[in-house]
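Reviewing the structure listed below.
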Amino acid sequence: MLEADGPQGTVAVRLSEVEAYAGRADPASHAYRGPTARNAVMFGPPGHLYVYFVYGMHWCCNVVCGPEGDASAVLLRAGAVVSGVQTARMRRPAARADSDLARGPARLATALGLDRAANGVDLLSAGSRVRLRAGSRVPDDAVRRGPRIGVAAAAEVPWRLWIAGDSTVSPYRPRLRRVAAGARPPLA
DNA sequence: ATTAGGATCTTCT
DNA sequence: GAAGATCCTAATG
């Protein structure tokens, strides 16, 4: 469960889909090329929120996992809004059904009202604006795993985990990487 | 139901 | 200068 306070109220989400990134050893990880201004939080202590900006308009959230310096993190890909539904709807007018409110990493961040200002927040402190809490346990046999989405490297590593049959899990669309206009096709 | 294209800007090469 | 851990809308089958 992830819970975020905001000016319009508190929204809580039960996570249904996540993706693991294994620090510097993982070619798909933002930490792969070492520390930078953007990924600094990843190299810090675990239990903190790493928020980054993608595609010129979206924010995505990770929970830092490994020990300090390890730079491992889990991307929060989707969840079900379990409280503050009305606030989440206002933030996500494009969502048709409530199950779409946090169905996708950028949607989840928007529903929770998270952006650059939430980067680095300690998720395990009761006084934080954003908090990670234990929810009801998911049985092992309800957890599925498969390839990560949208990554250009190490796509075959099955580190996306989700709850089987959950309607809030993002739809899997293996998009071919966009090729720049006018670029030559790769040589076979 | 599925697909294609556009929006938009930070980050690192 | 180019690509990027995405989403939305419109068009088509």
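Computed from heavy atoms alone, side chains included, the values below leave out hydrogens, waters and symmetry copies. To find a chain, count down the sequence lines: A is the first, B the second, and so on, and within it residues start at 1.
Among the nucleotides C/dC8, B/dC9, C/dT6, the one closest to the side chain of A/Arg107 is C/dC8.
The residue among A/Tyr50 and A/Ala95 whose nearest nucleotide of DNA chain C lies closer to the 5′ end is A/Tyr50.
Looking only at atom types and distance, the side chain of A/Glu17 has a donor-acceptor partner in the side chain of A/Ser170 under 3.5 Å away. Inspection of the A/Ser16 and A/Thr168 side chains reveals an N or O donor paired with an N or O acceptor under 3.5 Å.
With respect to A/Asp70 and A/Arg24, no salt bridge is recorded, no charged nitrogen being found less than 4.0 Å from a carboxylate O. Between A/Asp26 and A/Arg148, at least one side-chain N (NZ, or NE/NH1/NH2) sits under 4.0 Å from a carboxylate O, which counts as a salt bridge.
Nucleic acid contact class of A/Arg116 (heavy atoms, under 4.0 Å, all strands): sugar-phosphate only. The residue A/Tyr55 sits close to a base: some heavy atom pair falls under 4.0 Å.
Formation of a donor-acceptor pair under 3.5 Å by the A/Glu19 side chain with backbone atoms of A/Ile149 is found in this model.
If you take CG of A/Leu101 and P of C/dC7, they are 13 Å apart, rounded to a whole angstrom. Distance CZ (A/Arg91) to C1' (C/dC7): 18 Å, rounded to an integer number of Å. Atom pair A/Leu75:CG and C/dA5:P shows a separation of 10 Å (rounding to whole Å applied). Summarising the geometry, the separation between CE on A/Met42 and P on B/dC12 is reported as 12 Å, rounded to the nearest angstrom. In this structure, CG of A/Asn119 is placed 14 Å from C1' of B/dT11, rounded to the nearest angstrom. One interatomic measurement links the two molecules: CZ of A/Arg38 to C1' of C/dG4, which rounds to 8 Å at whole-angstrom precision. Atom P of nucleotide C/dT6 and atom CE of A/Met57 are separated by 12 Å, given to the nearest angstrom. Atom pair A/Phe53:CZ and C/dA3:P shows a separation of 19 Å (rounding to whole Å applied).
Stacking annotation: A/Tyr21 is stacked on the base of C/dA5 (ring centroids less than 5.5 angstrom apart, interplanar angle below 30 degrees).
Classified by interplanar angle (parallel below 30°, tilted 30° to 60°, perpendicular above 60°), the ring pair A/Trp59/A/Phe53 is tilted.
Under 4.0 angstrom from either OP1 or OP2 of C/dA5 there lies at least one side-chain N or O belonging to A/His30. For the pair A/Thr36 and B/dC12, the criterion of a side-chain N or O lying under 4.0 Å from OP1 or OP2 is met. Listed pair A/Arg33 / B/dT11 fails the phosphate criterion, with no side-chain N or O lying under 4.0 Å from OP1 or OP2.
Taking the ring axis of A/Tyr50 as reference, the NZ or CZ atom of A/Arg38 does not stay both within 45° of it and closer than 6.0 Å to the ring centre.
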Practice item. Would you write the dot-bracket representation of DNA chain B, where each base gets (, ), [, ], | or . depending on whether it forms a Watson-Crick or G-U pair under 3.5 Å and with which partner? Key: |||||||.||||.
